[in-house]
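Down below is the structure, laid out as structure tokens.
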Amino acid sequence: MERYNFNIIEKKWQKIWEEEKTFSTKLDKNKKKFYCLEMFPYPSGKIHMGHVRNYTIGDVLARYKALQGYNVLHPMGWDSFGMPAENAARQNKLDPKTWTESNISKMKSQLKKLGLSIDWDREISTCSEEYYKHQQKFFLELFKKKLVYRKENYVNWDPVDETVLANEQVIDGKGWRSGATVERKKLSQWFFNISKFSQELLNGLEELDNWPNKVKTMQKNWIGKSFGCEIDFKIEGNLPVDRIKCFTTRPDTLFGFSFLALSIDHEISQFYKSNPDFIKFKEECSKTGTTEEAIAVGDKIGFKTNLMAINPLNPKDKVPVYFANFVLMDYGFGAVFGCPAHDQRDFDFAKKYDLEIKTVVRPENENDNYKVTEEAYPGPGVIINSEFLDGLEAPNNSVIETIKILEDKKIGKKKINFRLKDWGVSRQRYWGCPIPIAYDEDNNAYPIPDSDLPVKLPENIKLDVKGNPLDSQNKWKKITLNGKTLTRETDTLDTFVCSSWYYLRFCSPGHQDYGFKKEDVDYWMPVDQYIGGVEHAILHLLYSRFFMQALSYENQNFNLKEPFDGLFTQGMVCHETYKDHENNWVSPEDIETIQGKKYLKGDRSNEIKVGPSESMSKSKKNTIDPENIISSYGADAARLFILSDSPPEKDVQWSEEGISSSFKFIQKLWSLNLKILEECKKDHLKDTDNEIKKYTNKFLRNITKNLEDFSYNKIIANMHEMYSFLNKQLNKPYKKITLIENYEKILITMTPIIPHFTSECLKNLNITNANWPEYDEKMLIEEYANIVVQINGKKRGLIKTKKDNNEKIVMEEISKEKNLEKYIKDQKIKKKIFIQNRLINIII
RNA sequence: GGGGCGAUGGCGGAAUUGGUAGACGCGUUGGUCUUAGGAACCAAUAUGGCAACAUGUGAAGGUUCGAGUCCUUUUCGCCCUACCA
């Protein structure tokens, strides 16, 4: 029998799809739209299994919706600015542009081999002038709306390379390339005012019913809303400081106040900048470790000032003011009031510096003599030792009551604080979107006029310089505007800016005047289903949501708040890890299995130890190259396998056995297909096979439901069951015309999973215009029901009976069954629980 | 420290509102066919037991006629987050 030659057939269909522009989409207001988007890739040069999984999941959905008659937008593009291009360029003496473009063309051809239903006419690349010129316009639009501003901010500075490092480039406090100790340096940088929309971004989450709760929770925590109050503390001392502002969520514990702590960056630190002890203290602070975890667990240390803070509720009570390493400058006001009894950090600090610990909240079940001794008590209870606050229920009532009192006395006021910080978008890099701003001698910023946009990135420049290569482009930097000589901004935009609006560009990829056309966006947006990795749960998704808010802000023509109606986050692709006898990682490709044991290829003395399955990574050498898989098993087999073993939202384990079994399954489907084609040629007069109709109907119901639920792994199970069912039916002696008719429907439903295969089969059956087959609810109703028979709650048997039979008839049938009858014979039945068509439980 | 998710055969995973636990696949075992097979096909496969039956969804309780599913307690694992005042 002829084997299925995926090589020829897959190429053939990919060519047809390309030539006939099968997946190219046009705006059509008469059709319901469906916008299916997967997170676009960074063009590293090679696709990896994560891409295969991501894009297969998206493709299944896009193809399913298209078959259902939706006008489907399913585009693809490239997140093509960013550091890797710059690093590669330095290493290989290549222009980042050339490197990036060649990577794109390689990856594009690999993606095409997967048979994705992508509208390549809409391809975009964020590093193209065509794309970033619109981004510059958006930047200036936000600039005009005052949603973009400049401020000084700390960066990781590598003093050897004279460059700014991203957090991930700082390893153990040292620059990743130079090894130099990283310094904190203040630079003037551009910020997007994302915090202005904190409340809106929080509210918006409520509406996103088709987002995973997990992601919503993560964003909620990131935005970090907290309710409390700001308090003005009067200060006494030898410095020109009379007040310090603090934010607190627990003003009700004010009588437990025993110190006030400031961030080392607090403005008061200016008075200490030449104090040698303070300088030493600052150094100490920066030494406490580099990882965030180390800082969190690390010792709490402080520097005592000569200042005293006065408790506003009890002016006789004066406490010392410290600088402390655990106070963050960018939360609240960079100053906290310390209440050791009811905050663990304050408690640790108080213990260290021997400060008073005043208990002001007692747990419900303790009396007023309760004292905090071993650790802080942050829990609920009743206020004590606090004069007029005594007896209040903490924290719910006590916080509100205290705020009222403080407001009356004009000492403090209610405040809602957000953790969300403004988004710093300046990057001291070459390979990014230039910021369309120039400065005069006094460092005033001027937007580049519209007519001079885009600000083009200079090409063929020297990258092997210290600092930002753009900085040394003197000719490019100098411009004249309205007769004034200005200097261009040399920072470029964070690449997250590029990905914050690309979904809009896909709606109007060729539009010249603006980033998108209103008409297109009105039709296509929002994205109905967005699919990607959970690693983008916070930043990318929050930035995109912000970008829509920012564009809609004070805008008559555009008002769209949420870009992604549905979100799906897929799991990672894992593989077993291997090590040889010298504990070196070994790639699966370098292993052969002999009699169940694994050896290094060609070396039987070197047995391989099999480690746990972990997400594929180059460092562990447990990656599998999708291109090799496609060329040896075919795209359909790869798609089938990547979907089959686990639910899409969970991690999946890649295995040789798995992919090979998917390959074999396609071969089996092919021989089934050939057998059915043979049957087509025969003369069929009579056909009474209702069973096939019923089966197919149920199959369609299951597939449709599983597609809707993203239970793609169950679809593969359905397909296996279908195969063995049809194979059995085929061997039965009766006529098979019904089988053929129903087989057509089955083929159509498998198209989203294995499109090349089904396209070929459908063509052989002369089906050209496939539509998603509907199933018939009525046909799902079974004539018989299997009823579980339980005796005292234990399953004792099963009886097949006519549907909707009542309890009495079922009992009669049970007594006819010897196996069941024996349990109830001569027994007094106390009770019967009867669930029609399902179960009967007899209690004796 | 805070938050979230999860725990089902040798493995990945199925199991409507609480109602046949283990679908489907992998692996394993036996068989058929073959010069041979790491191909194809057939069969078996939660555990114990010859069987009848008993036991089984991390552990311990509880609700219920009935719990993988609901409640309480607990153990372990993973992920996110991190001195957020």
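To find a chain, count down the sequence lines: A is the first, B the second, and so on, and within it residues start at 1.
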Pairs: protein N or O with nucleotides 43-48 of chain B N or O, under 3.5 Å:
none

Six-ring centre of A:Y784, A:K800 cation under 6.0 angstrom, axis tolerance 45°: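 Judged by the rule, A:K800 and A:Y784 form a cation-pi pair.
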Please tell me whether [X] and [Y] form a close aromatic pair, meaning their ring centres lie under 6.0 Å apart.
X      : Y      : result
A:F725 : A:F699 : no
A:F641 : A:Y633 : no
A:H720 : A:F665 : yes
A:F710 : A:Y712 : yes

If only atom types and distance count, is the side chain of [X] paired as donor or acceptor with the main-chain N or O of [Y] below 3.5 Å?
X      : Y      : result
A:Y377 : A:P380 : yes
A:R243 : A:D232 : no
A:T305 : A:V321 : yes
A:N837 : A:D804 : yes
A:R53  : A:Q570 : no
A:K358 : A:A341 : no
A:Q219 : A:A537 : yes
A:K601 : A:E589 : yes
A:D422 : A:S195 : yes

Taking [M] as the reference, what is the distance to [N] when you measure between their [atom1] atoms (whole Å, please)?
N     : M     : atom1 : answer
B:G6  : B:U17 : P     : 15 Å
B:G9  : B:C5  : C1'   : 23 Å
B:G66 : B:C78 : P     : 37 Å
B:A52 : B:C42 : C1'   : 30 Å
B:G58 : B:G10 : P     : 13 Å
B:G61 : B:U45 : P     : 32 Å
B:C24 : B:U73 : P     : 39 Å
B:G77 : B:U8  : P     : 14 Å

Quick test: give all pairs of protein nitrogen or oxygen and nucleotides 26-34 of chain B nitrogen or oxygen below 3.5 Å, distance rounded to 0.1 Å.
none

Would you kindly give the [atom1]-to-[atom2] distance between [X] and [N], to the nearest whole Å?
X      : N     : atom1 : atom2 : result
A:R3   : B:A39 : CZ    : P     : 11 Å
A:N706 : B:A23 : CG    : P     : 17 Å
A:K832 : B:G19 : NZ    : C1'   : 18 Å
A:M572 : B:C78 : CE    : P     : 13 Å
A:M722 : B:G25 : CE    : P     : 12 Å
A:F418 : B:A85 : CZ    : P     : 13 Å
A:L669 : B:G25 : CG    : C1'   : 14 Å
A:I231 : B:A85 : CD1   : P     : 14 Å

Looking only at side-chain atoms of [X], point me to the closest of [options].
X      : options             : answer
A:L328 : B:C80, B:U20, B:A85 : B:A85
A:T248 : B:C80, B:A85, B:C24 : B:A85
A:Y331 : B:A85, B:G25, B:A21 : B:A85

If we ignore angles and hydrogens, is there a donor and acceptor under 3.5 Å between the side chains of A:Y723 and A:E721?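 Result is no, nothing qualifies.
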Indicate whether the side chain of A:K803 and that of A:Q836 have a donor and an acceptor atom separated by less than 3.5 Å.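 Side-chain D/A pair, A:K803 to A:Q836: absent.
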For A:F333 and A:I244, run side chain to side chain contact (heavy atoms under 4.5 Å, CB included): C-alpha distance rounded to whole Å, both residues' side-chain angles, the deciding distance at 0.1 Å, then the answer. CA-CA 9 Å; A:F333 300 101; A:I244 294 176; over 6 Å; no
Give me the one residue out of A:L201, A:N213, A:L202 that meets side-chain contact (heavy atoms from CB on, under 4.5 Å) with A:K220.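 Exactly one option meets the side-chain contact (heavy atoms from CB on, under 4.5 Å) with A:K220, and it is A:L202.
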A:W654 pairs by side-chain contact (heavy atoms from CB on, under 4.5 Å) with which of A:I629, A:N622, A:V52?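 The passing option is A:I629.
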Find the runs of at least 3 consecutive base pairs, i with j, i+1 with j-1 and so on, that include RNA chain B, using Watson-Crick or G-U wobble geometry with both distances under 3.5 Å.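 The stems that RNA chain B takes part in, listed by first number, are B:1-7 with B:75-81, B:10-12 with B:24-26, B:27-32 with B:40-45, B:46-48 with B:53-55, B:58-62 with B:70-74.
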What does the list of N/O pairs under 3.5 Å between the protein and nucleotides 60-69 of chain B look like, with a distance for each?
| residue | atom | partner | partner atom | Å |
| --- | --- | --- | --- | --- |
| B:C65 | O2' | A:N841 | ND2 | 3.2 |
| B:C65 | O2 | A:N841 | ND2 | 2.5 |

Strictly under 4.0 angstrom, non-hydrogen atoms only: write out the protein contact profile of nucleotides 3-16 of chain B, one letter per nucleotide from the 5' end, B, S or -. S--------SSSSB
OP1 or OP2 of B:U81 versus the side-chain N and O atoms of A:R419: is any pair under 4.0 Å?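 False: A:R419 side-chain N/O out of range (4.0 Å or more) of B:U81 OP1/OP2.
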A:V336 vs A:M218, nearer the 5' end of RNA chain B by closest nucleotide: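 Result of the comparison: A:M218.
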Look for any protein N or O under 3.5 Å of an N or O in nucleotides 52-56 of chain B and output each such pair with its distance, or none.
| residue | atom | partner | partner atom | Å |
| --- | --- | --- | --- | --- |
| B:C53 | OP1 | A:Y823 | OH | 3.3 |
| B:A54 | OP1 | A:R796 | NH2 | 3.2 |
| B:A54 | OP2 | A:R796 | NH1 | 3.3 |

By the rule that syn is within 90° of 0, classify the base conformation of B:G9 as syn or anti.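 Syn.
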Using ring-ring contact (aromatic ring centres under 6.0 Å, His included), reason through A:Y322 and A:F303 one step at a time and then give a plain yes or no. CA-CA 5 Å; A:Y322 283 82; A:F303 175 89; 8.7 Å; no
